[in-house]
Novice: 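Got a structure for you, written out below as structure tokens; questions coming shortly.
Remember, it's a predicted structure, so these values are computed and weren't measured experimentally. The sequence lines fix the lettering, A, B, ..., with proteins before strands; numbering per chain opens at 1.
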Amino acid sequence: MPSYDPKAIESKWQKRWLDENIFAASDQAPKKKMYILDMFPYPSGDGLHVGHVKIYTASDVVSRYLRMKGFNVLHPTGWDAFGLPTENTAIKKGIQPSVLTAQNVTRFRQQMQQMGFSYDWNREVNTTDPEYYKWTQWIFLRMFQMGLAYQAHIPINWCPSCKTGLANEEVIDGKCDRCGTQVEEKPMRQWMLKITKYADQLLEGLGGLDWPKFVLDLQHNWIGRSEGAEISFGIDGTSNELSVFTTRPDTLFGATYVVVSPNHPLVAELTVPQQQAAVAAYVAEAQKPIRLDPKGEKEKSGVFTGSYAIHPVTNAKIPIWVADYVLMSYGSGAIMAVPAHDERDFAFAKKYNLPIQQVIVPAKAQGEATLPYIGDGVIINSEGFDGLSVTEAQRMILQKLQLQGKAKKAVQYKLRDWVFSRQRYWGEPIPIIHCEKCGVVPVPEKDLPVRLPEMDKYEPTGTGESPLATVEEWVNVKCPTCPRMAKRETNTMPQWAGSSWYWLRYVSPHYTQAFTDPAAMQKWLPVDVYVGGSEHAVLHLLYARFWQKALHAAGLVPQDEPFKRFRAVGLVIGEDGQKMSKSRGNVINPDDVVVQVGADALRVYEMFMGPFEASVAWNTSSIKGSRRFLDRMWDLVATRAAQASDQEDVEVELMLHQTIRHVSESTENFKFNTAISGLMELLNVVESKPMLSKKTLESIVLMLAPYAPHIAEELWEQLGHTQSLVYERWPSFNQKLLAKAQVTVPIQVNGKVRGQLQFDPGISQEEVEKRARALTNVQKHLEGKTVVKVIYVPDRLLNFVVK
RNA sequence: GCGGAUGUGGCGGAAUUGGUAUACGCGCAUGGCUUAGGACCAUGUGGGCAUGUCCCGUGGAGGUUCGAGUCCUCUCAUCCGCACCA
């Protein structure tokens, strides 16, 4: 049997698709739109990864399926090209990042076209293109006008290896997400984006999204909203007050001391002269960069300030301590410690012999609870509140304090504002001018884009200054609002900037009047299906939602959520069960696979290897199965096309319609693996039939098309068609035929299968029972027993319950 | 510690959502194609023995049900987030 030649037909059809511009989305077509997006790649020097192929094949299958279902499909791609890897490689190679980016993009584009992805290449965008980043800068300035972009001098996460500041989201386990170096804290002037302003909206919006639950949970936890109270403690001997945040006002009577963070502004003031040396030493120690303690294993430490706080209800004097287990970055940087009911406070109190006052007992067990006791219960030792439940006490105690002006309700978030400046070269320049007289002046819109200047040497300085600071002719500029000379902002934007709005640009990628065309937005937005990796669950996917919400608030985009439906891909693991990496030598290069078995077989394999969202290890010998499947498809059509009959085999017809239903539903639900297995089952049956109708062969080819588009086009041509099948109608199934099909029903005795019956659907229970009792094997198991009950699920199952 | 998943043949996995467990594919075995085969085709392939349309079987132990891979309780293992967040 001659097997087919993927090389020849794949390039033939790829060329034809491109020449005919067949995947161009029409802004005019009256058909209903579908916007199918995948996360555009970072064009690294390593080329396309089999993980990319999995994501892009899935979105391609969906796009091709929907085109055949009659939708006007927008399926674009582009390049998320700013960022450190390119810059680092360019430095090493001694070339310009822009040159390297162009090379990488060319390779990626070629690789993606070689996979047969049905992108609308007219809409390709590149975040490093000045025509693109002009609008990234423009959006930044809108955010500046809205008060969402601001400068701050704060300690931020600094990567000593990448020599730049990082956002909170980029620090994993205290290490730089990029290079794994231990992150340090470094106080610097920063540009920040006020994402916290949208914390509640970002939280609420999650409710309406069709996203994987784990991604929603991740974002929910990252935002980390907690409701509680800010309570003021007086400071003995002064008129000052110390504010603490707590989610447990019910434990107020159990507060036996107060702790402030070493970075708390009142530390010096609170420290009495005798304690000054000890406190100063402790604070200095706490400032050292190695303060991160991932597992909380470090023993608690702290030092007494010598001063006392006044308990707001009992007026007791309780000691104020300094300890680094209280973080300045959360709440007010000070807590009331309730050792009886908090593990951390308990450990601290034990170590320093501080008093422990129990104020909650478990509701049921009257006796002692082991401390610290975190659970629910009844209040004790709290004058005026004893006997209340925890929830009641929370409300009542807070109410009492509120009346006295000593507390207010408060909400805290774990989410921090987004550190938005980087001290590196290869990013969008932040379009701001600093004038001695006028202060911070935005670059006027007419002067955008602020182009990244060409530099011979653009290595990071490591001083906290961007390398751009050395380009004097670029830095020194006339102030837009006064006649003086001023200086440009030299920090650049983080890698995430360009990807925080790119789905908006695709709807009108060449529009020059604004960041995007309002009419095109009305036509195409929002994104209907978004496909990508879950490693961006709290990075890109959170930033993107934030920008969309900010732009929506400014009246610039119609919706306040960008992606209605999101599907996260599972990793493609190396054949050895380890993550693919160059150092392990287990990386599979898609180019090699294409040479060996063809792009169609690779597409089919990656869709078939397991559930789309599951991480599955690569298996080279399994790919053969996908190729064999295509070979058999080829042989089937090639040998049967000429002598196809008009008559329909009854069994084939029924199975064909069942398969159409199954493949349609599976494809829509991202269950690509079962869609393909359905086609395989059909093939197994159909292969052995001497006669097949042309209609059947055509339906099979059409169903194959989204998964293996090249071979499908070629077979379609062999079936006598001259036009591409890209816009051919997806086969439909006959509901009536399926409903009439005979059913095979198991006959059980006491839940164990003892026989099978075949009959037309809808026959009566009596009839089924009669025929079931006639089966010898059933009779054997009924003999000498009493039938106490008969369970009949129409057309599904019959079960005799006997004694 | 908190949160979220996931455990089914030698392997990847399927199971109409409580109704015939192991579809489909890989691998393996036997045979064929009368040289070979990392090609192709056919058949077989969860375990057990008394080889019967018999018994057992979806990480483990209980439970609910006529009926459980699916629901409940406990438990073990693995993976992924977050992590001194008051």
Novice: Describe the nucleic acid contact of A:Asn221 in one word from base, sugar-phosphate, nothing, applying a heavy-atom distance below 4.0 Å.
Specialist: sugar-phosphate
Novice: Working to the nearest 0.5 angstrom, can you tell me the gap between A:Leu401 CG and A:Lys406 NZ?
Specialist: 7.5 Å
Novice: Mind checking A:Val753 for me? I need base, sugar-phosphate or nothing, with any heavy atom below 4.0 Å counting as a touch.
Specialist: sugar-phosphate
Novice: Consider the side chain of A:Val793, meaning its heavy atoms from C-beta on, and name the nucleotide among B:C26, B:G13, B:G19 that approaches it most closely.
Specialist: B:G19
Novice: Could you tell me whether A:Arg627 sits above the aromatic face of A:Tyr4, with NZ or CZ closer than 6.0 angstrom to the six-membered ring centre and within 45 degrees of the axis?
Specialist: yes
Novice: Toss me the dot-bracket line for RNA chain B: Watson-Crick and G-U wobble, both under 3.5 Å, 5' to 3', using | for pairs to another strand and [ ] for crossers.
Specialist: (((((((..(((......[....)))((((((.......))))))((((..).)))..(((((..]....))))))))))))....
Novice: When rounded to the nearest 0.5 angstrom, what distance separates SG in A:Cys176 from CD in A:Glu184?
Specialist: 11.5 Å
Novice: Between A:Met336 and A:Thr674, which is nearer to the 5' end of RNA chain B once each is assigned its nearest nucleotide?
Specialist: A:Thr674
Novice: Grab the CG-P distance between A:Leu679 and B:A14 for me, whole Å please.
Specialist: 16 Å
Novice: Please give the distance between the C1' atoms of B:C84 and B:A15 as a whole number of Å.
Specialist: 46 Å
Novice: Less than 4.0 angstrom from a charged side-chain N to a carboxylate O is my criterion; do A:Asp5 and A:Lys7 meet it?
Specialist: no
Novice: Tell me whether A:Lys740 is salt-bridged to A:Asp760, with the criterion being a basic N under 4.0 Å from an acidic carboxylate O.
Specialist: no
Novice: Output yes when at least one side-chain N/O atom of A:Arg632 is less than 4.0 Å from OP1 or OP2 of B:C40, else no.
Specialist: no
Novice: I'd like the P distance from B:C66 over to B:A61, given in whole Å.
Specialist: 23 Å
Novice: Roughly how far apart, to the nearest Å, are B:G59 and B:G13 at atom P?
Specialist: 14 Å
Novice: Expressed in angstrom and rounded to an integer, what is the separation of A:Asp342 atom CG from B:G1 atom P?
Specialist: 16 Å
Novice: Would you measure the distance from the P atom in B:C82 across to the matching atom in B:G18 and give it in whole Å?
Specialist: 34 Å
Novice: Does B:U16 sit syn or anti, given that only angles within 90° of 0 count as syn?
Specialist: anti
Novice: Roughly how far apart are A:Leu798 CG and A:Ile747 CD1, rounded to 0.5 Å?
Specialist: 4.5 Å
Novice: Find the distance A:Glu613:CD to B:U6:P and express it as a whole number of Å.
Specialist: 10 Å
Novice: Would you mind telling me which residue lines up with the more 5' stretch of RNA chain B, A:Leu218 or A:Thr247, judged by nearest nucleotide?
Specialist: A:Leu218
Novice: With a 4.5 Å cut-off on side-chain heavy atoms, are A:His341 and A:Pro372 touching?
Specialist: no
Novice: Using the side-chain heavy atoms of A:Phe608, tell me which of these nucleotides is nearest: B:C26, B:A23, B:G12.
Specialist: B:G12
Novice: Using only side-chain N and O atoms of A:Arg628, determine if any of them is under 4.0 Å from OP1 or OP2 of B:C40.
Specialist: yes
Novice: Between B:U64 and B:C71, how many Å separate the two C1' atoms, rounded to a whole number?
Specialist: 8 Å
Novice: Under 4.0 Å from OP1 or OP2 of B:G19: is there any side-chain N or O of A:Lys752 that close?
Specialist: no
Novice: Taking N and O atoms by type only, does the side chain of A:Glu343 place a donor or acceptor under 3.5 Å from a partner on the base of B:G1?
Specialist: no
Novice: So, A:Asp635 and A:Arg628, do they make that salt bridge, N to O below 4.0 Å?
Specialist: no
Novice: Does A:Ser626 reach a base, just sugar-phosphate, or nothing at all? Heavy atoms under 4.0 Å.
Specialist: nothing
Novice: Determine: side-chain N/O of A:Lys671 to OP1/OP2 of B:A14, distance under 4.0 Å, yes or no.
Specialist: no
Novice: Of the nucleotides B:A14, B:A39, B:C54, which has the atom closest to the A:His781 side chain?
Specialist: B:C54
Novice: For B:G69, decide between syn and anti, treating a glycosidic angle within 90° of 0 as syn.
Specialist: anti
Novice: Expressed in whole Å, how much space separates the C1' atoms belonging to B:G19 and B:G9?
Specialist: 23 Å
Novice: Does A:Asn684 put a side-chain nitrogen or oxygen below 4.0 Å from OP1 or OP2 of B:G25?
Specialist: yes
Novice: Pick the C1' atom in B:G46 and in B:A14, then give their distance to the nearest Å.
Specialist: 15 Å
Novice: Using the six-membered ring wherever Trp is involved, compare the ring planes of A:Phe670 and A:Phe672 and label them parallel, tilted or perpendicular (cut-offs 30° and 60°).
Specialist: tilted
Novice: Among B:G27, B:G13, B:A86, find the nucleotide with the atom closest to the side chain of A:Val326.
Specialist: B:A86
Novice: When we call it a touch if two heavy atoms are under 4.0 Å apart, what does A:Gln412 touch: a base, just sugar-phosphate, or nothing?
Specialist: nothing
Novice: Taking atom P of B:C82 as reference, at what distance in whole Å does atom CG of A:Leu415 sit?
Specialist: 14 Å
Novice: Flag the pair A:Arg771 and A:Glu769 as a salt bridge only when some basic side-chain nitrogen lies within less than 4.0 angstrom of an acidic carboxylate oxygen.
Specialist: no
Novice: Check residues 605-618 of chain A and write down every donor-acceptor pair under 3.5 Å in which the side-chain atom is one partner and the other belongs to a residue at least two apart or another chain.
Specialist:
unit_1: A:Tyr605; atom_1: OH; unit_2: A:Asn619; atom_2: N; d: 2.9
unit_1: A:Glu606; atom_1: OE1; unit_2: A:Lys54; atom_2: N; d: 3.2
unit_1: A:Ser615; atom_1: OG; unit_2: A:Leu571; atom_2: N; d: 3.1

Novice: Please state how far atom CD1 in A:Ile791 lies from atom C1' in B:G67, giving the value in whole angstrom units.
Specialist: 8 Å
Novice: With a 4.0 Å cut-off on heavy atoms, is A:Val790 in touch with a base, just the backbone sugar-phosphate, or nothing at all?
Specialist: nothing
Novice: What residue among A:Phe348, A:Phe233, A:Phe304, A:Phe346 forms ring pair (Phe, Tyr, Trp, His ring centres under 6.0 Å) with A:Tyr257?
Specialist: A:Phe348
Novice: Atom CG of A:Leu682 and atom P of B:A14: how far apart are they, to the nearest Å?
Specialist: 20 Å
Novice: On the side chain of A:Lys414, is there an atom forming a donor-acceptor pair with the base of B:C82 - under 3.5 Å, no angle test?
Specialist: no
Novice: For A:Leu683, answer base if it contacts any base atom (sugar-phosphate contacts may also be present), sugar-phosphate if it contacts only those atoms, and nothing otherwise; contact means non-hydrogen atoms under 4.0 Å.
Specialist: nothing
Novice: Using a cut-off of 4.0 Å on non-hydrogen atoms, how would the nucleic acid contact of A:Lys789 be classed: base, sugar-phosphate, or nothing?
Specialist: sugar-phosphate
Novice: Expressed in angstrom and rounded to an integer, what is the separation of A:His220 atom NE2 from B:G4 atom C1'?
Specialist: 13 Å
Novice: Kindly say if A:Asn777 contacts the phosphate of B:C54, meaning a side-chain N or O under 4.0 Å from OP1 or OP2.
Specialist: yes
Novice: Give the nucleotide from the list B:U20, B:U17, B:C26 with an atom nearest to the side chain of A:Ser622.
Specialist: B:C26
Novice: Select one nucleotide: of B:G27, B:A23, B:C82, the one nearest the side-chain heavy atoms of A:Ile172.
Specialist: B:C82
Novice: Would you measure the distance from the C1' atom in B:G7 across to the matching atom in B:U51 and give it in whole Å?
Specialist: 33 Å
Novice: Under 4.0 angstrom, heavy atoms only, what part of the nucleic acid is A:Asn673 near: base, sugar-phosphate, or nothing?
Specialist: sugar-phosphate
Novice: Closest approach to the side chain of A:Arg754, judged atom by atom: which nucleotide of B:U20, B:C82, B:C54 is it?
Specialist: B:C54
Novice: B:C11 P sits how many Å from A:Ile573 CD1, rounded?
Specialist: 18 Å
Novice: A:Phe214 near the nucleic acid: base, sugar-phosphate alone, or nothing, with a heavy-atom cut-off under 4.0 Å?
Specialist: sugar-phosphate
